[in-house]
Number of protein chains: 2
Amino acid sequence: MKSPNVTIKDIARLLGISPSTVSRALKDHPDISQATKDQVNKLAAEMNYRPNPIALSLRNRRSNVIGVVIPEIVHFFFSSVISGINKVANEHGFSVMVSQSSEDFEKEVEVCETFRHSIIDGLLISVSKHTTEYEHLRRLDEEGIPVVFFDRMIEEFNADRVLINDYEGAFEATQYLIVEGRRRIMHFAGPQSRLIGKNRLKGYLEAHRKNGVVIDESLVINCDNFESALVQTQRIIDEGVKFDAIFTVNDFTAAGVVKTLVKNGIKVPEDVSVIGFGNDYMAEMIEPTLTTVCQPGFTMGEKAMQMLINRINSEKTLEPKTEVLPTKLIIRNTTKKR
Amino acid sequence: MKSPNVTIKDIARLLGISPSTVSRALKDHPDISQATKDQVNKLAAEMNYRPNPIALSLRNRRSNVIGVVIPEIVHFFFSSVISGINKVANEHGFSVMVSQSSEDFEKEVEVCETFRHSIIDGLLISVSKHTTEYEHLRRLDEEGIPVVFFDRMIEEFNADRVLINDYEGAFEATQYLIVEGRRRIMHFAGPQSRLIGKNRLKGYLEAHRKNGVVIDESLVINCDNFESALVQTQRIIDEGVKFDAIFTVNDFTAAGVVKTLVKNGIKVPEDVSVIGFGNDYMAEMIEPTLTTVCQPGFTMGEKAMQMLINRINSEKTLEPKTEVLPTKLIIRNTTKKR
DNA sequence: AACGAGTGTGCAAACGTTTGAAATTTAAAC
DNA sequence: GTTTAAATTTCAAACGTTTGCACACTCGTT
């Protein structure tokens, strides 16, 4: 039961003038006499008048609301991104609606459809792990709702993108391990169906090549979460796989690796170095503290939102841009100090 | 540049009938003949007609959008709550706008003001650590925008609330330690200006009394984050404080405690047991894994959203309700198995 | 032949705002 | 005391939808 707010009509009635005059007076339109303006502004202030945003949206066909689709809100990296999005959105008078796909393609399509039929002026999306089709995004595009990808994108869909330099980050991490003297570096990789997994693997491989270290393909295994890291690490230890470092596709995996290594009496970093990816807050809490590649989630959110605003405000259809953000290797105690 | 969607008017024009008839036909109004309804529904389907939510909002004075104000999005507990809110909101056709106060009172007031002048039908809020005044909430209430608190509330402001049973959770944790045989249990407490800190301390104290264990006030110190836990724990060790368990106000603090204890060669849980609060995902990653009180964040979000929906839909002003959610002690390896 | 009931449809106003065009008032010029 | 231009204000339509009411028809009754 919302009590109705004061409207332009109320002010007009009270002042015995027309709503149009009030509207123009409030906008400081040159046609209106100073006397009238003063009257209107005074009363508006007294009555604490605020323009009704819904009426404005209807008239302007513009809501200043944007939608965000994210695989998991409950995730340090993604919530950092949301934080950055929020910051820039607030600064520019935009509101943000967030929905999560829970890494489920069907759910992703569903929330996109909901957004499409709602009021949003634009969409920021990081697609689910299983998204390969993009019909749902094409439909948004068709209705003139601009789409900007962050972190995870669809290559075939031509739109603005903000990405992490996964390749460079992985390259730097791996190279650090090589320079540290490691020669049998394992990589716990993410799904190769996604660019992130692919690029991090690529960086890992390329660092070997550039530094003249031979690559043993058997050192790369598929493992990208805490639980399976516990299992896989135990397995390679039991099987007697020889390795002196592990570079993982994310920090959860690294946490599982470190835990299992330590439990088996393997010294980290003396016997085996570990580097994660993401700089989750937990990286400082585990023992030893985790060396990891920092992904600038907050900055990513800021940039993505800025790109979307530009897109929304631009009349003409600009060529889509891709922005690639640099990573930074955070050295902690799962690697030796140099 | 959003391309305009098909409207009721378009359908009316194409069919040579009036918009009102189309509107009624789409709603299956009994006044309309079956023939007309069929015509309308067919064309609407073909043209993929969707009602314009903004126009609906304007007419119904109801947006089906709710606002959420949260201290920190980047926080496992709070993002879990958002997740729960989102779930129930989606099920009931509501959209969710999220803003964070960053634990800053000024910022909280600002986002509340923004929300007040925007389109929301209701507000879910967990107030910042430093919020003591509630004028900004009263203003929302005045405009008929219902407010529901979750997790952190203002006692003086009479509104719906969903809370965690902090007292019970702390009581159970402390009692577990006592039954385990601990007698010098420290408490790293949160700020006593907030109910959460207060109630957890109360549970800690009461568990002592109920079990006939004498309370040593000097065992309670102020410490509620990871960094200061590192410092404080080191300090009590250096000062030779005698203790055999530590119960902390949250998991970050516990993580800092465990880390420092282990570093100092103190065996956990043999020499000292530790229990945290929150069941953050990092609790399973640290070594030893952390025994902690699970706060049902997701459930809290669900309940809060449900309460808000009830409030929005209710004509009459019901008496505000407070719902208290139970906690659950998750036994891991920083306490002895019983 | 007039009546009432029932059926299907359209008109117009409303939600709150903006804006082009028209109308009115004011002031200046002749 | 006109005429004319300029200054100010109002009208009306528009954004897309809903809904009370009126209207127009068609029946079957009296």
Side-chain angles (χ1 to χ4, degrees), chain A residues 1-41 43-44 47-65 93 117-119 121 143-144, chain B residues 1-41 43-44 47-65 93 116-121 143-144:
Chain A
M1 284 187 313
K2 289 169 73 170
S3 66
N5 276 319
V6 26
T7 74
I8 275 192
K9 289 186 183 179
D10 298 330
I11 298 181
R13 192 165 358 88
L14 255 55
L15 253 33
I17 59 181
S18 79
S20 7
T21 305
V22 176
S23 172
R24 280 189 255 252
L26 289 168
K27 300 209 119 44
D28 205 24
H29 191 287
D31 275 4
I32 306 297
S33 71
Q34 196 53 50
T36 309
K37 281 181 191 169
D38 291 347
Q39 254 194 324
V40 169
N41 284 320
L43 189 58
M47 302 183 72
N48 196 16
Y49 164 79
R50 299 291 153 177
N52 178 320
I54 298 182
L56 282 176
S57 297
L58 183 58
R59 169 146 247 278
N60 302 334
R61 291 216 210 59
R62 164 91 181 246
S63 63
N64 276 23
V65 172
H117 300 129
S118 81
I119 66 176
D121 288 340
E143 301 210 352
Chain B
M1 286 184 313
K2 288 171 75 172
S3 64
N5 277 320
V6 26
T7 74
I8 276 194
K9 288 186 183 176
D10 297 330
I11 298 180
R13 191 164 0 88
L14 255 52
L15 253 34
I17 58 182
S18 80
S20 8
T21 305
V22 175
S23 172
R24 278 188 261 250
L26 289 169
K27 302 210 117 45
D28 206 23
H29 192 287
D31 275 4
I32 306 297
S33 71
Q34 196 53 51
T36 309
K37 281 182 191 167
D38 292 346
Q39 252 193 326
V40 170
N41 284 321
L43 188 58
M47 301 183 72
N48 195 18
Y49 165 79
R50 300 290 153 178
N52 179 320
I54 298 183
L56 282 176
S57 298
L58 182 58
R59 169 144 247 278
N60 302 336
R61 292 222 215 55
R62 164 94 180 244
S63 63
N64 275 25
V65 173
R116 183 161 71 94
H117 299 129
S118 81
I119 65 176
I120 62 167
D121 287 341
E143 302 210 350

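Naming: A, B, ... by sequence-line order, numbering from 1 per chain.
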Query raised in the report: Picking from B:Leu15, B:Ile17, B:Asp10, B:Ile11, what satisfies side chain to side chain contact (heavy atoms under 4.5 Å, CB included) with B:Arg13?
Result: B:Asp10

Query - Residue pairs passing the salt bridge (charged side-chain N to carboxylate O under 4.0 Å, His left out) test where at least one lies in residues 16-36 of chain A, sequence neighbours excluded - result: A:Asp28-A:Lys37

Report summary line: Between CG of A:Leu15 and P of D:dT8 the distance, given in whole Å, is 17 Å

Requested in this report: Scan side-chain atoms only and decide if A:Asn52 and A:Arg50 contain a donor-acceptor pair under the 3.5 Å cut-off.
Outcome: no

Report task. In whole angstrom, give the distance that lies between atom NE2 of A:His117 and atom P of D:dG16. Result -> 15 Å

Query raised in the report: Separation of A:Asn5 atom CG from C:dT17 atom C1', in whole Å?
Result: 14 Å

Query raised in the report: Between the side chain of B:Asn60 and the main-chain N/O of B:Ser57, is any donor-acceptor distance below 3.5 Å?
Result: no

Query raised in the report: Has the side chain of A:Asp121 got a donor or acceptor atom that lies under 3.5 Å from a matching backbone atom of A:Ser63?
Result: yes

**Report entry** Atom pair distance, as rounded to whole Å: CG in A:Asp28 and P in D:dT8
**Finding:** 13 Å

Query raised in the report: To the nearest Å, how far apart are B:Tyr49 OH and D:dG16 P?
Result: 10 Å

**Report entry** Per-nucleotide protein contact string for nucleotides 9-14 of chain C (B base, S sugar-phosphate only, - none; heavy atom under 4.0 Å)
**Finding:** BBBB-B

Requested in this report: Would you mind reading off the distance between B:Ile119 atom CD1 and C:dG16 atom P, rounded to a whole angstrom?
Outcome: 15 Å

Requested in this report: Using side chain to side chain contact (heavy atoms under 4.5 Å, CB included) as the criterion, point out the one residue from B:Ile32, B:Val40, B:Ile8 that pairs with B:Ser23.
Outcome: B:Ile8

Query - Integer-rounded Å distance: D:dT18 P and B:Ile54 CD1 - result: 15 Å

Query - Interatomic distance where NZ belongs to B:Lys27 and P belongs to D:dT19 [whole Å] - result: 7 Å

